[in-house]
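In this text, all values refer to a predicted model and were calculated from it rather than measured experimentally. Any value given below was found using the heavy atoms of this structure, including those in side chains, with hydrogens, waters and symmetry copies removed.
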Amino acid sequence: MMISLFVAVLVLLQPVIEITDIQDRPNDAGDGLYLFLDMPDDTEDFLSCTIYRKEVSQPDSCWRPVSVELIPIVEEFIVDGYDPDYIVEPGREYMYRPVTVTLSGDTLTGEAFISQIVPKGEYFKTDEVSVLIAIYSSHILLF
């Protein structure tokens, strides 16, 4: 009894992965968000992190896994919206919850993070403006 209580306390004291910021993915149709994570200093015992999402207005029974990342996570952020089975819809308010699985099989649930950002589409891709200028310039030179 005392050992299981001690193990339970250790699991509760272990630092968890948290979502610190969410930003709209630029140059898209409003179908993606960047999720920035705060990783604990010691992730040696971590196996994976599953990101759950639901709309803010939905009940708690609607949490759905949208991304599973193996530890260590090498990118600065995780992109939600790549998986066609779990699309991000423009104009919807989402909340996210990270759940970490340890090597021993324990699950560590982070705090729910309500996104202050609503995904929205852009009218044109700003990273392709140079192509637009080149096409326009060549069109002027031809005529």
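When each of V99, V101, V16 is checked for a side-chain contact (heavy atoms from CB on, under 4.5 Å) with L108, only V16 meets the rule.
Smallest separation of non-hydrogen atoms from I51 and C49: CD1-SG, 3.9 Å. In this structure, R97 and I19 approach most closely via the heavy-atom pair N-CD1, 4.3 Å. Closest non-hydrogen pair, T43 versus P40, comes out as CG2-O, 3.4 Å. Across every non-hydrogen atom of P26 and Y34, the tightest pair is CD-CE1, 3.6 Å.
E18 contributes a side-chain N or O that, together with a main-chain N or O of E111, makes up a donor-acceptor pair within less than 3.5 Å. At distances below 3.5 Å, at least one donor-acceptor pair connects side-chain atoms of Y94 with backbone N or O atoms of E89.
A distance of 10.0 Å separates CD1 in I22 from CD1 in I114, rounded to the nearest 0.5 Å. One finds the CD1 atom of I17 at 9.5 Å from the CG atom of D38 (value rounded to the nearest 0.5 Å). To the nearest 0.5 angstrom, E55 atom CD is 11.5 Å from M95 atom CE. In this structure, L103 CG and D45 CG are separated by 5.0 Å, a value rounded to the nearest 0.5 Å.
More than 12 non-hydrogen atoms from other residues, nucleotides or ligands lie less than 6.0 angstrom from CG of D85.
Side-chain atoms of P98 and T50, non-hydrogen and from C-beta on, never get closer than 4.5 Å to each other. Side-chain contact check for K54 versus D60: some heavy-atom pair is nearer than 4.5 Å.
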Verdict with reasoning, L33 to D24, per side-chain contact (heavy atoms from CB on, under 4.5 Å): CA-CA 5 Å; L33 292 168; D24 187 28; 4.2 Å; yes
Could you go through residues 61-80 and list every donor-acceptor pair under 3.5 Å that involves a side-chain atom there, pairing it with any protein atom two or more places apart or in another chain?
unit_1	atom_1	unit_2	atom_2	d
R64	NH1	S61	O	3.4
S67	OG	E69	OE2	2.9
D80	OD1	R53	NH1	3.1
D80	OD2	R53	NH1	2.6
D80	OD2	Y96	OH	2.6

